Structure formats: C-alpha cells, structure tokens
Chemist: 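Before I ask anything, here is the structure I am working with.
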Amino acid sequence: MADPKGFLTTGREVAKTRPVAERVRDWNEVYVPGSLLPIISKQAGRCMDCGIPFCHNGCPLGNLIPEWNDYAYREDWAAASERLHATNNFPEFTGRLCPAPCESACVLGINQPAVTIKNVEVSIIDKAWDAGDVTPQPPERLSGKTVAVIGSGPAGLAAAQQLTRAGHTVAVYERADRIGGLLRYGIPEFKMEKVHINRRIEQMRAEGTKFRTEVEIGRDIDAAKLRRRYDAVVIAAGATVSRDLPVPGRELTGIHFAMEYLPLANKVQEGDFIAPPLTAEGKHVVVIGGGDTGADCVGTAHRQGAASVTQLEIMPRPGEERSAGQPWPTFPMLYKVTSAHQEGGERVYAVSTTHFEGDENGHVQALHLVEVEFKDGKLEQKPGTERRLPAQLVTLAMGFTGTDQENGLVRQFGLELDARGNIVRDADFATNVDGVYVAGDAGRGQSLIVWAIAEGRSAARGVDRFLTGASDLPAPIRPTDRSLTV
C-alpha cells in the first residue's frame with residue numbers, strides 16, 4: 001500500500017482548469033499545464049491497495065491500478081509507466097477521454113470520494129513522454145504473415161500495435177486524410193491536443209506498422225480483393241452511422257450531424273482551413289443530444305463565438321448522487337458538468353423536438369420542442385409545454401446506430417450482422433468470413449474508448465492464434481463482456 005492513511009489524511013483533488021474567459025479564446029487543452037504534478041503523488045497515496053480491487057473490474061483493460069498508484073506515490077515514474085503500458089497501449093488517450101468507470105468501481109468510493117485514477121494515469125504517461133521512457137518496441141523477428149487493419153481509431157491502432165509487436169507485417173487503412181479516426185476528427189482539440197496522437201503514430205511507424213490514408217475499403221479497394229492480399233484482416237471501422245431526427249423541417253439548411261460539424265473545426269487546427277466552412281459564429285446554436293459528443297459541440301460553439309448555445313436531452317436530468325438503484329460498483333448515470341458546460345450555455349432536459357422552422361431561403365431559424373415524461377414505460381408529450389427556440393445552427397449528437405454499410409465493405413466481405421447492425425463475431429473476435437476479425441464499435445456498437453482499446457488488444461490475440469496456432473498476446477475481454485451497469 002502506498003500510504004496506509006492516505007485516504008484519511010488527503011482529500012480528493014483533481015486537475016485545475018484554466019479560467020473560462022481565457023480558454024474559450026483558444027483551442028488548447030482546458031487544464032492548467034503542470035498543475036497535477038505537485039499534488040498527484042499524494043492523490044495516488046489515497047489508493048488503499050484493496051484485497052479485491054474492484055477498479056480492475058470497472059476497467060475493461062484490467063489496468064493494474066493499485067500497482068501504478070503505488071509507484072506514482074513513490075515518484076518512481078519509470079516503473080509506473082511500465083505497469084501502465086502492461087495493459088494499455090495508449091494511456092494518454094484514456095487518461096484524457098475515458099469517463100473513468102474505474103473510479104466508479106473504486107472501493108474508496110463506497111463512502112468517500114474515489115481515488116483520482118484518471119488524473120494519476122495521465123500524469124504517469126505525460127511524465128514518461130517527457131522523460132523519454134516511451135520508445136518503439138519493434139519485434140525481434142518477423143513472422144512472414146501480413147495483416148490489414150481497416151480503421152485507425154483506438155481499436156484499430158491497438159490491434160495494429162499488438163500484431164506488429166508480435167512480428168506480423170501490419171498495414172492500417174484509413175479513409176480520412178489523417179490517422180486517428182474519431183480521436184483525430186471527432187474529439188476537439190481542447191479535450192485532447194493531437195500531438196498525443198502524432199507521437200504514438202511515429203512510435204508505431206518506428207515499430208514497423210504501415211499506414212495508408214485516404215483509402216476506403218469497399219469503395220477504393222474491393223474488400224474481397226483485400227482479403228486475398230493479406231493473411232488476415234481486422235475490421236475496426238467503428239459505428240459511424242449517425243442517428244437521425246426524422247421530424248418536419250429536417251431538410252432545412254443549417255441542420256447537421258455532429259460528425260459533420262466537429263471535424264471541420266479540427267481541420268482548422270490542422271491547418272487545412274483558416275476558418276471552418278461550417279461555423280457557429282454569431283449564431284443561436286442548438287445541440288440535440290446530452291452526451292459527450294453533444295458537449296463537444298457545445299465547447300466548439302463557444303470557441304467559434306456563438307450568440308447562444310442550448311443543449312437538449314430527451315431524458316430527465318440525472319441526480320448528482322448515486323441512487324439506490326445504481327449501487328457501487330456499477331457505473332452510475334449522474335448529472336455531469338463538463339468543461340464545455342462550465343463555459344456557458346443552457347441545458348434543457350426532458351424535451352423532444354417536434355419540428356424545425358425555416359426562413360424564406362430554406363435555412364433553419366427556429367426549433368420547436370415540447371416537454372416529455374415517461375408514463376407506463378412510454379414517452380409522452382406534456383400538453384401546453386410547447387415552445388420555440390431560435391436556431392441558426394443545429395447539431396444532431398444523438399449517438400450512432402451501426403457500422404457503415406453504404407461503402408460496400410459489409411457486402412463485399414459477406415459479413416453477418418446482428419439485429420443492431422453490428423458485425424457478428426465469435427469468442428475469438430472472428431467474423432463468419434475466414435481470416436476476417438472485428439474489433440471495437442463495428443462489432444460492439446457505440447461504446448467507450450477504453451472498451452475500444454480492450455477490443456483491439458483482444459482481437460489481436462485472436463488474429464495471432466489464427467496465423468500462428470498459438471498466442472502470448474493478452475485478451476482482456478470477451479466479445480460478450482459488458483460494463484458494470486444495472
């Protein structure tokens with residue numbers, strides 16, 4: 001145990017954010033640089049090194065949290081980094097973007113604020129990069145086997161790195177112009193600066209992984225031909241089909257999916273545009289969807305100079321404390337105030353959009369909504385609660401419904417889909433097509449980054465066994481595993 005009395009003598013303290021007035025004028029990460037290091041060792045010392053550390057169960061990667069907490073407490077950063085990388089290829093991604101189900105499962109969280117596991121994680125990896133402790137790990141010998149990975153999000157990158165280190169020759173195919181998937185173009189710069197992706201890509205290149213951008217399997221290359229070219233294929237194309245809102249006025253100009261809006265803002269930061277082709281500047285913005293993607297739209301609109309920002313959620317507002325129906329160690333649905341929400345705007349719960357209103361030029365100018373409530377398990381409108389919101393830009397951030405089927409990938413491979421539109425796979429993450437595997441949201445459905453990395457690592461083991469007959473690669477989860485929820 002790091003500090004036997006740490007949880008008694010030290011209160012929970014998290015990373016400090018920069019003042020709102022400062023950070024909305026730039027696209028840098030919202031946290032004060034270096035603010036964690038003076039406090040993080042004591043925070044790591046709050047870990048009790050439990051006999052049964054439920055944080056392991058909360059984390060699908062099975063992160064060795066008590067071990068690297070102990071090293072962080074002792075400021076043995078090299079050892080902490082080694083323990084961190086033992087289970088996680090990209091802790092700088094999860095340390096910034098994961099909602100930390102490990103903290104919800106922390107034993108200390110039964111009756112006290114949980115250990116700041118996520119902050120400890122990001123401190124360790126940032127320190128490791130600064131110290132030069134993160135280096136390429138090329139294989140000692142090559143297997144002579146080749147693998148194509150379709151998609152360069154966290155699942156694809158994790159699978160590619162594991163298989164490259166196992167000695168296989170791996171090529172990652174990405175349909176966008178840069179590597180990273182939703183990490184690159186779906187996550188705003190203020191949540192994770194892209195330098196963190198870029199240096200991991202360079203590490204993977206040095207290990208031997210090849211990258212092919214602006215190549216869409218199904219359109220640019222026939223999927224069946226790709227399968228014949230490689231000994232195995234991993235599909236990690238994500239669940240990229242956005243959920244739509246089929247109400248009157250949906251066809252009006254100015255109504256966009258979140259994944260039409262957010263990438264353009266990121267492309268400005270990449271230097272592709274001086275100003276985004278789609279901007280919130282001077283506009284009344286309405287974001288439909290109360291999740292993390294919606295919050296990303298809110299923060300982006302603030303930085304673009306929106307006249308107002310309103311976020312709508314069809315569900316009632318969650319409570320701020322665990323309810324009896326969501327006991328420890330499950331991941332509770334709580335009222336969450338992100339950095340984007342701290343920057344302003346209005347959040348409206350338990351409402352449903354009835355229709356959009358346009359001007360004489362066919363551009364959206366207002367949104368009409370009504371309050372809703374659940375009765376006997378059904379969502380019903382409350383009469384007399386209709387109202388109109390001004391809206392010159394509307395972003396739809398209501399989640400995703402499955403993997404893309406329009407590009408031909410599913411049909412050309414001949415893949416079997418389940419009722420939700422996800423690619424079916426067996427216990428080894430293998431599809432119904434010999435030598436074709438699937439990892440991440442394409443098989444699981446919309447999920448968290450930590451699940452994507454875990455799936456990539458697990459699918460890599462399945463591929464390695466297929467190619468060589470056995471594998472020493474870890475498989476932290478099964479395809480059927482689910483998060484700790486009620």
Side-chain angles (χ1 to χ4, degrees), residues 145-160 162-164 168-186 209-244 257 259-260 263 400-447 452 455-456 458-467 479:
K145 302 294 185 178
T146 59
V147 183
V149 176
I150 303 172
S152 67
L157 292 179
Q162 293 293 95
L163 289 167
T164 297
H168 308 304
T169 301
V170 180
V172 178
Y173 289 84
E174 168 57 53
R175 63 182 177 181
D177 59 346
R178 292 181 177 87
I179 295 297
L182 289 184
L183 292 172
R184 174 75 64 181
Y185 287 133
T209 305
K210 309 299 182 184
F211 295 97
R212 308 279 187 265
T213 56
E214 297 185 282
V215 180
E216 184 169 10
I217 307 303
R219 285 198 172 98
D220 301 315
I221 297 178
D222 184 272
K225 291 182 179 178
L226 184 81
R227 175 64 190 92
R228 291 193 292 270
R229 185 185 303 178
Y230 289 88
D231 295 310
V233 175
V234 179
I235 300 171
T240 57
V241 180
S242 299
R243 181 173 283 108
D244 209 342
F257 290 119
M259 289 312 300
E260 294 172 333
F400 302 90
T401 60
T403 195
D404 188 353
Q405 297 184 45
E406 293 186 0
N407 61 9
L409 183 150
V410 171
R411 175 181 53 80
Q412 292 168 14
F413 270 128
L415 298 169
E416 182 182 348
L417 302 178
D418 65 18
R420 294 175 176 262
N422 303 319
I423 300 171
V424 174
R425 64 268 184 90
D426 66 14
D428 282 333
F429 293 81
T431 70
N432 60 298
V433 180
D434 186 55
V436 178
Y437 291 71
V438 63
D441 291 2
R444 174 169 293 271
Q446 180 184 347
S447 189
E455 289 234 347
S458 297
R461 177 183 173 88
V463 173
D464 192 34
R465 287 177 58 184
F466 170 76
L467 295 175

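In this chain, numbering begins with 1 at the start of the sequence shown. Keep in mind that what you see is a predicted model, and the values were worked out from it rather than measured.
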Chemist: My understanding is that only one of Val215, Thr213, Asn407 makes a side chain to side chain contact (heavy atoms under 4.5 Å, CB included) with Arg175; could you say which?
Modeler: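 The passing option is Asn407.
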Chemist: Do Tyr185 and Asp177 meet the criterion of a side-chain donor-acceptor pair at a distance under 3.5 Å?
Modeler: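 Yes, a side-chain donor-acceptor pair sits under 3.5 Å.
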Chemist: Roughly how far apart are Gln446 CD and Arg243 CZ, rounded to 0.5 Å?
Modeler: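 Gln446 atom CD to Arg243 atom CZ measures 7.0 Å (nearest 0.5 Å).
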Chemist: Go through it in stages, so that I can follow the logic: the residues are Asn432 and Leu415, the test is side chain to side chain contact (heavy atoms under 4.5 Å, CB included), and I'd like the CA-CA distance, side-chain angles, deciding distance and then a yes or no.
Modeler: CA-CA 6 Å; Asn432 60 298; Leu415 298 169; 4.2 Å; yes
Chemist: Tell me if the CZ atom of Arg420 is crowded by more than 12 foreign heavy atoms within 6.0 Å.
Modeler: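 No, the 6.0 Å shell around CZ holds no more than 12 heavy atoms from other groups.
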Chemist: Inspect the contact between Glu455 and Arg425 and indicate whether a charged nitrogen and a carboxylate oxygen are less than 4.0 angstrom apart.
Modeler: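 A salt bridge is present here (some side-chain N lies under 4.0 Å from a carboxylate O).
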Chemist: How about Val436 and Phe413: do any of their side-chain heavy atoms sit closer than 4.5 Å?
Modeler: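 In contact.
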Chemist: Could you report the tightest heavy-atom contact between Thr403 and Val241, atom names first, then the distance?
Modeler: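 The pair with the smallest heavy-atom distance is O-CG2, 3.6 Å.
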Chemist: Supply the atom-to-atom distance Ile235 CD1 to Ile150 CD1, rounded to the nearest 0.5 angstrom.
Modeler: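 Nearest 0.5 Å value for the CD1-CD1 distance: 5.0 Å.
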Chemist: Please name the pair of heavy atoms, one in Asp441 and one in Asn422, separated by the smallest distance, quoted to 0.1 Å.
Modeler: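 Asp441 and Asn422 have their closest heavy atoms at O-OD1, 4.0 Å.
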Chemist: With sequence neighbours left out, what residues match Arg178 under salt bridge (charged side-chain N to carboxylate O under 4.0 Å, His left out)?
Modeler: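 Salt bridge (charged side-chain N to carboxylate O under 4.0 Å, His left out) check on Arg178 returns Glu270, Asp272.
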Chemist: What distance do Asp222 atom CG and Arg411 atom CZ have between them, rounded to the nearest 0.5 Å?
Modeler: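 The CZ atom of Arg411 is 8.0 Å from CG of Asp222, to the nearest 0.5 Å.
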Chemist: Just by modelled atom types, is the Ile179 backbone N or O under 3.5 Å from a matching donor or acceptor in the Glu174 side chain?
Modeler: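 It does not hold such a pair.
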Chemist: For Asp418, enumerate each residue passing the salt bridge (charged side-chain N to carboxylate O under 4.0 Å, His left out) test, keeping only those at least two apart in sequence or located in another chain.
Modeler: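 Counting only residues at least two positions away or on another chain, Asp418 forms no salt bridge (charged side-chain N to carboxylate O under 4.0 Å, His left out).
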Chemist: Show the atom names and distances, to 0.1 Å, of all donor-acceptor pairs under 3.5 Å that link a side chain in residues 226-233 to residues at least two apart or in another chain.
Modeler:
residue, atom, partner, partner atom, Å
Arg227, NE, Asp434, O, 2.9
Arg227, NH1, Tyr230, O, 2.7
Arg227, NH1, Asp231, O, 3.4
Arg227, NH2, Asp434, O, 3.2
Tyr230, OH, Tyr173, OH, 2.6
Asp231, OD2, Thr146, N, 2.9
Asp231, OD2, Thr146, OG1, 3.3

Chemist: For a side chain to side chain contact (heavy atoms under 4.5 Å, CB included) check, start with the C-alpha distance between Thr169 and Val147, then their side-chain angles and the critical distance, and finish with the verdict.
Modeler: CA-CA 6 Å; Thr169 301; Val147 183; over 6 Å; no
Chemist: In Å, rounded to the nearest 0.5 Å, how long is the span from CG of Asp464 to NZ of Lys145?
Modeler: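 Between Asp464 CG and Lys145 NZ, I get 11.5 Å after rounding to 0.5 Å.
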Chemist: Between Ala459 and Ala439, what is the shortest heavy-atom contact and its length?
Modeler: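 Looking at all heavy atoms of both residues, the closest pair is CB-CB, 3.7 Å.
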Chemist: Measure across Ala160 and Val172 and return the closest heavy-atom pair with its distance rounded to 0.1 Å.
Modeler: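 Of all heavy-atom pairs spanning Ala160 and Val172, the closest is CB-CG2, 3.6 Å.
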Chemist: List the steps, then state whether side chain to side chain contact (heavy atoms under 4.5 Å, CB included) holds for Phe211 with Leu157.
Modeler: CA-CA 10 Å; Phe211 295 97; Leu157 292 179; 3.9 Å; yes
Chemist: Any side-chain heavy atom of Val149 sitting closer than 4.5 Å to one from Val170?
Modeler: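 In short, these two side chains touch, coming nearer than 4.5 Å.
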Chemist: Flag the pair Pro154 / Leu183 as yes when at least one side-chain heavy-atom distance between them is below 4.5 Å, and no otherwise.
Modeler: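 Yes, side chains in contact.
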Chemist: Any side-chain heavy atom of Asp244 sitting closer than 4.5 Å to one from Phe257?
Modeler: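 The answer is yes; the side chains approach within 4.5 Å.
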Chemist: Checking the side chain of Ser152 only, and the main-chain atoms of Gly180 only, is there a donor and an acceptor separated by less than 3.5 Å?
Modeler: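 A pair under 3.5 Å: yes.
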Chemist: Measure the spacing between CZ of Arg465 and CG of Asp428 and express it to the nearest 0.5 Å.
Modeler: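 So the CZ of Arg465 and the CG of Asp428 are separated by 4.5 Å.
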Chemist: Under the criterion side chain to side chain contact (heavy atoms under 4.5 Å, CB included), I'd like the reasoning laid out for Glu416 against Val433: C-alpha separation, chi angles, the key distance, then a yes or no.
Modeler: CA-CA 9 Å; Glu416 182 182 348; Val433 180; over 6 Å; no
Chemist: Over all heavy atoms of both residues, which pair between Ala224 and Gln412 is shortest? Give the atoms and the distance, please.
Modeler: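 Of all heavy-atom pairs spanning Ala224 and Gln412, the closest is CB-O, 4.0 Å.
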Chemist: Any chance you could lay out the salt bridge (charged side-chain N to carboxylate O under 4.0 Å, His left out) test for Asp220 and Arg212, step after step, and finish with the verdict?
Modeler: CA-CA 12 Å; Asp220 301 315; Arg212 308 279 187 265; over 6 Å; no
Chemist: Under 4.5 Å between any side-chain heavy atoms of Val438 and Val234, yes or no?
Modeler: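 No. Closest side-chain heavy atoms not under 4.5 Å.
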Chemist: Work out which heavy atom in Ala239 is nearest to a heavy atom in Phe400; give both atom names and the distance.
Modeler: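 Reported closest heavy-atom pair: O-CB, 3.0 Å.
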